[in-house]
A.B. asks: 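Input: one structure, supplied below.
Remember, predicted model here, so these are calculated numbers, not experimental data.
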Amino acid sequence: MNESSSEWSAQDLGQIAAHGLSLGEIERQLAIFRQGVKPVRLNRPGRSGDGIVVISETERQDLLESYEKACRTRRLLKFVPASGAASRMFIGWHRCLDAGAFPGEGERDFFARHLSEYAFFPDLQEICASQGLDVNALLAGGKETTLIRFILGPEGLNYGFLPKALLKFHAYPDGSRTALEEHLVEAALYARDAQNVSRLHFTVSPEHEASVRALLARVVQDYQARLHTAFEIGISAQAPETDTIAVDPSLHPFRTEEGKLVFRPGGHGSLLDNLNLLDEEVIFLKNIDNIVPDPLKEEMVLWKKLLAGYLLRLQERIFGCVRILGEGGIAEKDLEQICGFVQREVNIDLRPAFWDLPLSERRDLLLGWLNRPIRVCGMVKNEGEPGGGPFWVDDPDGNGGASLQIVEESQIDRSDPDQRAIWTSATHFNPVDIVCGVRDF
């Protein structure tokens, strides 16, 4: 039975309003759950030379110079979605707690053998010692679940309930770093301007904002001294009006034992509002857990700079086209040159019908396609990791042509063998490593 206005209680309406949502929006969301979303139609995977640009050795110096110029003349910022919970990271350990033991001796031995390698291990030792317990003795006595409870539960490190930003990821001789601290170090390496200011912006869950601010207050001064930079850090919360109502298996609103509705935060697309509030021109976007330890940072930083340099070079060419298109009175020859650039380098697939339009209409279409924000997405080889990949997607209206998009597996019709074949033939995926140019010309 579908929910109707008469079936919503006063408590429901109050919860909905508190999220900044309307009843109409909630019913729209429920309709999407029940009717489903039309899948995208994959045309082909993006490949080197067909949607994916491979930066040659000879191009690198020019791109690095473009990046260095931007550091002197533009405002750069690193934008980090940092509200993600760590629950999926520890799913195996949660199952162990629920079952009271590991499923087999192999998993148990692996846990015991590698526990000391985790960056949080000294903190775990300290927590256990405060309870009069010894980690090695617990392992020797087969008390792995006790240790996991101290790692995940509120009586210990509480890692099962903290956001990834606050977890210790990497161990170093002088101590361990949380994911948030690693992003401070990274920002100083490629988001530092000519005034020696390194800018970051973190989006966090409202319930964890105080903890994130407290950690920053403890560590920022030390990192500023070590890295010889001044940090300018912004924090914002994902707007509650971007939340989605949760549903049960029968696709009715999910409710707690107290009868309250449950809302879930939207995905990364919901952070566009946060992004729009920033003043910077070049924005590096990177997930909170997409970090590497110090020995790997040199190569990572190189590619960050190359991505930014490529964005800036592409942006300069696009701005040149927009200026010509905006002046009016463009000649057919000039328009054809811009069309060639659009197809080759901006990856806009011009439909056959485009060429039959009057020159003025083609000009207006090109202007609309080019005069907008730009994103350059780093791609890595697909080695079976989860995540979206680059694909050419057919026009949903059936008018011909295809657009280059990053597609998640959930967006396609997995029951269609042809679509599955295209999906599995992908050679690359995007690890949420993006540089954005958000200003117009």
Side-chain angles (χ1 to χ4, degrees), residues 36-57 59 63 267-269 272 285-287 290 303 306-307 310-311 313-315 317-318 321 335-357 362 365-437:
V37 177
K38 185 179 179 180
V40 301
R41 189 78 187 167
L42 302 181
N43 182 287
R44 62 190 187 277
R47 296 190 185 278
S48 299
D50 184 27
I52 297 179
V53 175
V54 178
I55 296 173
S56 67
E57 293 280 350
E59 291 179 280
L63 297 181
H268 285 168
L272 286 173
L285 199 157
K286 194 176 187 188
N287 269 358
N290 189 5
W303 285 101
L306 289 172
L307 279 176
Y310 185 86
L311 167 80
R313 186 179 70 178
L314 183 64
Q315 188 181 62
R317 293 175 181 175
I318 288 174
C321 293
L335 192 75
E336 288 179 1
Q337 288 180 341
I338 291 174
C339 288
F341 164 74
V342 160
Q343 290 182 291
R344 287 191 312 273
E345 299 193 44
V346 192
N347 293 309
I348 294 176
D349 193 1
L350 300 179
R351 304 165 189 171
F354 173 85
W355 303 100
D356 297 328
L357 296 172
R362 281 180 280 151
L365 282 172
L366 288 166
L367 194 56
W369 291 330
L370 294 175
N371 193 23
R372 59 183 184 177
I374 304 167
R375 65 174 181 173
V376 170
C377 307
M379 296 291 155
V380 298
K381 288 184 178 179
N382 187 345
E383 296 177 340
E385 297 293 329
F391 291 89
W392 290 94
V393 176
D394 285 335
D395 172 30
D397 299 324
N399 295 324
S403 61
L404 188 64
Q405 299 179 25
I406 296 175
V407 179
E408 299 284 345
E409 188 175 8
S410 60
Q411 293 178 259
I412 71 168
D413 181 359
R414 286 171 282 189
S415 65
D416 185 326
D418 292 335
Q419 291 292 286
R420 289 290 308 166
I422 295 173
W423 176 265
T424 56
S425 68
T427 56
H428 292 76
F429 85 100
N430 171 247
V432 191
D433 216 342
I434 299 171
V435 185
C436 303

A.B. asks: Answer whether the closest heavy-atom distance between the side chains of Phe341 and Leu366 falls below 4.5 Å.
C.D. replies: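 They are not in contact (no side-chain heavy atoms under 4.5 Å apart), so the answer is no.
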
A.B. asks: Please find the pair of heavy atoms, one from Pro431 and one from Asn290, that lie closest to each other, and give the distance.
C.D. replies: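 That would be O-ND2, 2.9 Å.
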
A.B. asks: Which heavy atom in Ile52 sits nearest to a heavy atom in Pro390, and how many Å separate them?
C.D. replies: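 Taking every non-hydrogen atom into account, CD1-CG, 3.9 Å.
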
A.B. asks: Using every non-hydrogen atom in the two residues, find where Cys377 and Leu307 come nearest and quote the distance to one decimal.
C.D. replies: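 Shortest heavy-atom separation between Cys377 and Leu307 comes out as C-CD2, 4.4 Å.
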
A.B. asks: Can you list every pair that meets salt bridge (Lys or Arg N to Asp or Glu O under 4.0 Å) and has a residue in residues 39-52, with sequence neighbours left out?
C.D. replies: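 Applying salt bridge (Lys or Arg N to Asp or Glu O under 4.0 Å) to every pair that reaches into residues 39-52, excluding sequence neighbours, yields Arg41-Asp416, Arg44-Asp50.
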
A.B. asks: Under a 4.5 Å cut-off applied to non-hydrogen side-chain atoms, are Ile422 and Ile412 in contact?
C.D. replies: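 A side-chain contact under 4.5 Å is absent here.
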
A.B. asks: Any side-chain heavy atom of Ile406 within less than 4.5 Å of one from Met379?
C.D. replies: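 Side chain of Ile406 against side chain of Met379, heavy atoms only: contact under 4.5 Å found.
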
A.B. asks: Could you tell me whether the side chain of Leu42 reaches within less than 4.5 Å of the side chain of Trp392, counting heavy atoms only?
C.D. replies: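 SC-SC contact between Trp392 and Leu42 ruled out.
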
A.B. asks: Which heavy atom of Val40 sits nearest to which heavy atom of Gln419, and what is that distance?
C.D. replies: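 Closest approach of Val40 to Gln419: O-OE1, 3.7 Å.
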
A.B. asks: So, taking the atom named SG in Cys321 and the one named CG in Asn371, what distance separates them when rounded to the nearest 0.5 Å?
C.D. replies: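 So the SG of Cys321 and the CG of Asn371 are separated by 11.5 Å.
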
A.B. asks: State the CD1-CZ distance between Ile338 and Arg317, to the nearest 0.5 angstrom.
C.D. replies: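 Reported to 0.5 Å precision, the distance equals 14.0 Å.
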
A.B. asks: Of the non-hydrogen atoms in Arg351 and Trp355, which two are nearest, and what is the gap between them?
C.D. replies: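 Reported closest heavy-atom pair: O-CD1, 3.8 Å.
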
A.B. asks: For the CG atom of Asp395 and the OG atom of Ser403, what is their distance to the nearest 0.5 Å?
C.D. replies: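 OG of Ser403 is found 8.0 Å from CG of Asp395.
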
A.B. asks: Suppose we screen for ring-ring contact (aromatic ring centres under 6.0 Å, His included). Which residues come up paired with Trp423, at least two apart in sequence or across chains?
C.D. replies: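 Phe391.
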
A.B. asks: Taking atom CG of Leu63 and atom CZ of Arg313, what is their separation to the nearest 0.5 Å?
C.D. replies: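 CZ of Arg313 is found 5.0 Å from CG of Leu63.
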
A.B. asks: To the nearest 0.5 Å, what is the distance between SG (Cys436) and CG (Leu311)?
C.D. replies: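 It is 8.0 Å, given to the nearest 0.5 Å.
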
A.B. asks: Sequence neighbours left out, what passes side chain to side chain donor-acceptor pair (under 3.5 Å) with Ser410? Give chain and number order.
C.D. replies: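 Checked Ser410 against side chain to side chain donor-acceptor pair (under 3.5 Å); zero matches.
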
A.B. asks: From Arg362 CZ over to Leu367 CG, what is the distance, rounded to the nearest 0.5 angstrom?
C.D. replies: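 If we round to the nearest 0.5 Å, Arg362:CZ and Leu367:CG are 14.5 Å apart.
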
A.B. asks: If you look at every heavy atom in Glu59 and Ile55, which pair is closest and at what distance?
C.D. replies: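 Nearest pair, atom of Glu59 first, then Ile55: OE1-CA, 3.7 Å.
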
A.B. asks: Hey, does the side chain of Asn430 reach the backbone of Gly378 with a donor-acceptor pair shorter than 3.5 angstrom?
C.D. replies: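 Answer holds: yes.
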
A.B. asks: Tell me, with the steps shown, if Val53 and Val376 meet side-chain contact (heavy atoms from CB on, under 4.5 Å).
C.D. replies: CA-CA 10 Å; Val53 175; Val376 170; over 6 Å; no

